[in-house]
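Reading through the structure tokens given below for one structure.
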Amino acid sequence: MGSKLPLSFYRRDDVTLIARELLGKVLCTNFGGVLTSGIIVETEAYSQSEKACHAFGGKRTPRTEVFYNDGGLSYVYLCYGIHYLFNIITNAADTADAVLIRAIEPVDGVETMLRRRKMTKLEHRIGAGPGSVSQALGLTKHHNALDLTEDHVWLERRGIKVPDDQIIASPRVGVDYAGEDALLPWRYRIAGSPWVSRAK
DNA sequence: GCAATGATTTACT
DNA sequence: GTAAATCATTGCC
């Protein structure tokens with residue numbers, strides 16, 4: 001097993017750097033004694049300084065309150081009434097930065113993930129896309145604002161190296177309403193991974 | 001209190 | 001490629 005990422009990893013002030021470094025790390029969940037995990041192969045950075053973020057401009061609502069905690073917490077949000085999106089809160093308290101996990105490559109508990117996704121055999125799309133990731137790992141809104149150094153949801157370093165030339169930066173999708181900020185290349189994925197969502 | 005909408009996925013034409 | 005599903009949060013009345 002790898003070593004759990006320390007809080008100091010999340011509390012740095014460069015959210016795009018954290019998003020890049022999360023590639024190749026392993027996201028783990030352990031609910032009811034069932035371990036499931038996957039290598040992070042696609043992420044997206046969000047910051048309060050750009051419109052695509054729910055907490056843009058320091059806006060506070062009951063939903064975004066968790067953004068203003070210290071880094072190292074989970075943020076699970078229900079989108080389109082159907083899909084849960086898993087984010088990691090980064091940076092210091094009162095600074096609303098976060099990284100969205102968009103795709104994983106299954107590692108542990110594959111059978112459990114298949115059952116959760118109602119699939120009979122392993123397909124590349126099992127962890128492709130933020131809604132799919134959450135479903136495969138069993139994350140729901142009940143797992144919002146969890147401490148990522150506890151033993152239910154956490155991230156590990158397993159010595160997987162992702163060289164810079166294997167990281168592709170591209171504009172984010174689904175954020176057209178953000179205007180110019182939608183063009184920021186804050187979406188990162190591992191080149192050549194078959195587990196990422198279909199490139200657009 | 002109520003209507004509009006979204007950090008998406010899936011299935012169908 | 002296009003459209004529908006579906007509901008918590010949000011913002012305005």
Side-chain angles (χ1 to χ4, degrees), chain A residues 10 15-16 18-20 22-23 27 38 40-69 71 73-91 95-106 113-146 148 153 155 168-190 193-200:
Chain A
Y10 307 108
V15 66
T16 62
I18 295 172
R20 283 193 298 272
L22 281 172
L23 293 175
L27 173 62
I40 297 170
V41 294
E42 187 172 354
T43 65
E44 245 173 48
Y46 285 89
S47 163
Q48 65 176 22
S49 66
E50 46 90 24
K51 296 178 193 145
C53 183
H54 288 164
F56 165 65
K59 180 172 65 173
R60 276 180 187 259
T61 66
R63 182 178 66 169
T64 59
E65 218 23 61
V66 65
F67 271 84
Y68 297 92
N69 282 293
L73 291 183
S74 64
Y75 171 52
V76 182
Y77 162 71
L78 177 64
C79 183
Y80 289 81
I82 311 175
H83 304 287
Y84 293 104
L85 311 192
F86 177 74
N87 302 251
I88 296 167
I89 300 299
T90 69
N91 215 321
T95 305
D97 289 357
V99 176
L100 168 69
I101 305 302
R102 291 190 55 85
I104 61 168
E105 175 180 335
M113 290 191 250
L114 289 176
R115 193 165 62 249
R116 283 172 179 155
R117 298 225 53 206
K118 297 184 171 60
M119 294 168 67
T120 52
K121 63 178 172 49
L122 189 59
E123 295 180 47
H124 286 164
R125 60 194 184 89
I126 187 171
S132 304
V133 170
S134 304
Q135 191 178 358
L137 294 176
L139 292 161
T140 72
K141 63 179 179 179
H142 298 116
H143 307 110
N144 190 30
L146 292 180
L148 298 178
V153 182
L155 286 96
I168 298 175
S170 55
R172 294 165 297 181
V173 298
V175 291
D176 292 343
Y177 63 90
E180 293 183 352
D181 290 330
L183 299 176
L184 290 171
W186 282 9
R187 175 187 182 188
Y188 304 101
R189 56 199 163 89
I190 296 181
S193 172
W195 303 98
V196 301
S197 51
R198 182 174 59 86
K200 289 191 177 177

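By convention in this document, chain letters (A, B, ...) are assigned in the order of the sequence lines, proteins followed by strands, and residues within each chain are numbered from 1. Only this structure's heavy atoms are used, side chains among them; waters, hydrogens and symmetry mates stay out.
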| field | Check: A/T43 side chain, A/L100 main-chain N or O, donor-acceptor pair, under 3.5 Å | value | no
Please check this pair: side chain of A/Q135 against backbone of A/R116, looking for a donor-acceptor N/O pair closer than 3.5 Å.
yes
In this structure, CD1 of A/I40 is separated from CD1 of A/I101 (nearest 0.5 Å) by 4.0 Å
The correct set of residues in residues 82-90 of chain A placing a heavy atom under 4.0 Å from DNA chain B is A/H83, A/L85, A/N87
Separation of B/dA7 atom C1' from A/R187 atom CZ, nearest Å, is 11 Å
Counting only Watson-Crick and G-U wobble pairs with both atom distances below 3.5 Å, the stems of 3 or more consecutive pairs that include DNA chain B are B:1-6 with C:7-12, B:8-12 with C:1-5
Worksheet entry | B/dG6 pyrimidine/purine six-ring stacking with A/Y80, under 5.5 Å and 30° | yes
Q. Judged by atom type as modelled, is there a donor-acceptor pair below 3.5 Å linking the side chain of A/Y68 to the main-chain atoms of A/G58?
A. yes
Between A/Q48 and A/A96 (side chain of the first, backbone of the second, donor and acceptor by atom type, cut-off under 3.5 Å), is there such a pair?
yes
In whole angstroms, the gap separating C1' of B/dA7 from CD of A/Q48 amounts to 17 Å
A/H142 atom NE2 is separated from C/dA8 atom P, nearest whole Å, by 11 Å
Between CG of A/L100 and P of B/dT8 the distance, given in whole Å, is 8 Å
In whole angstroms, the gap separating C1' of B/dA7 from CD of A/E42 amounts to 12 Å
A/R102 CZ to B/dT8 C1', in whole Å, measures 9 Å
Correct closest heavy-atom pair for A/Y10 and A/I89 would be CB-O, 4.1 Å
* Okay, side chain of A/S74, backbone of A/H143: is any donor-acceptor separation there less than 3.5 Å? -> yes
- prompt: Do side-chain atoms of A/N144 reach the backbone of A/V76 as a donor and acceptor pair under 3.5 angstrom?
  reply: yes
Donor-acceptor pairs under 3.5 angstrom involving side-chain atoms of residues 118-128 of chain A: please list them, not counting sequence neighbours.
| from | atom 1 | to | atom 2 | distance (Å) |
| --- | --- | --- | --- | --- |
| A/E123 | OE1 | A/R125 | NE | 3.2 |

Within residues 57-65 of chain A, those residues having any heavy atom closer than 4.0 Å to DNA chain C are A/K59, A/T61, A/P62, A/R63
note: A/L78, atom CG; C/dT6, atom P; distance rounded to Å ~ 13 Å
Show me the protein contacts with nucleotides 11-13 of chain B, counting only N or O atoms at under 3.5 Å.
none

OG1 (A/T90) and CG (A/L73) are apart, to the nearest 0.5 Å, by 11.0 Å
Of the candidates C/dA8, B/dA7, B/dT10, the side chain of A/H54 sits closest to B/dA7
The ring-ring contact (aromatic ring centres under 6.0 Å, His included) partners of A/H83 (sequence neighbours excluded) come to none
- Task: State whether the side chain of A/T64 and the backbone N or O of A/F67 hold a donor-acceptor pair below 3.5 Å, judged by distance alone.
- Result: no
When rounded to the nearest 0.5 Å, the distance separating OH of A/Y46 from CH2 of A/W186 is 10.5 Å
| query | So what does A/F56 hit on the nucleic acid, given a heavy-atom distance under 4.0 Å: a base, only sugar-phosphate, or nothing? | reply | nothing
A/Y77 OH to B/dT8 C1', in whole Å, measures 10 Å
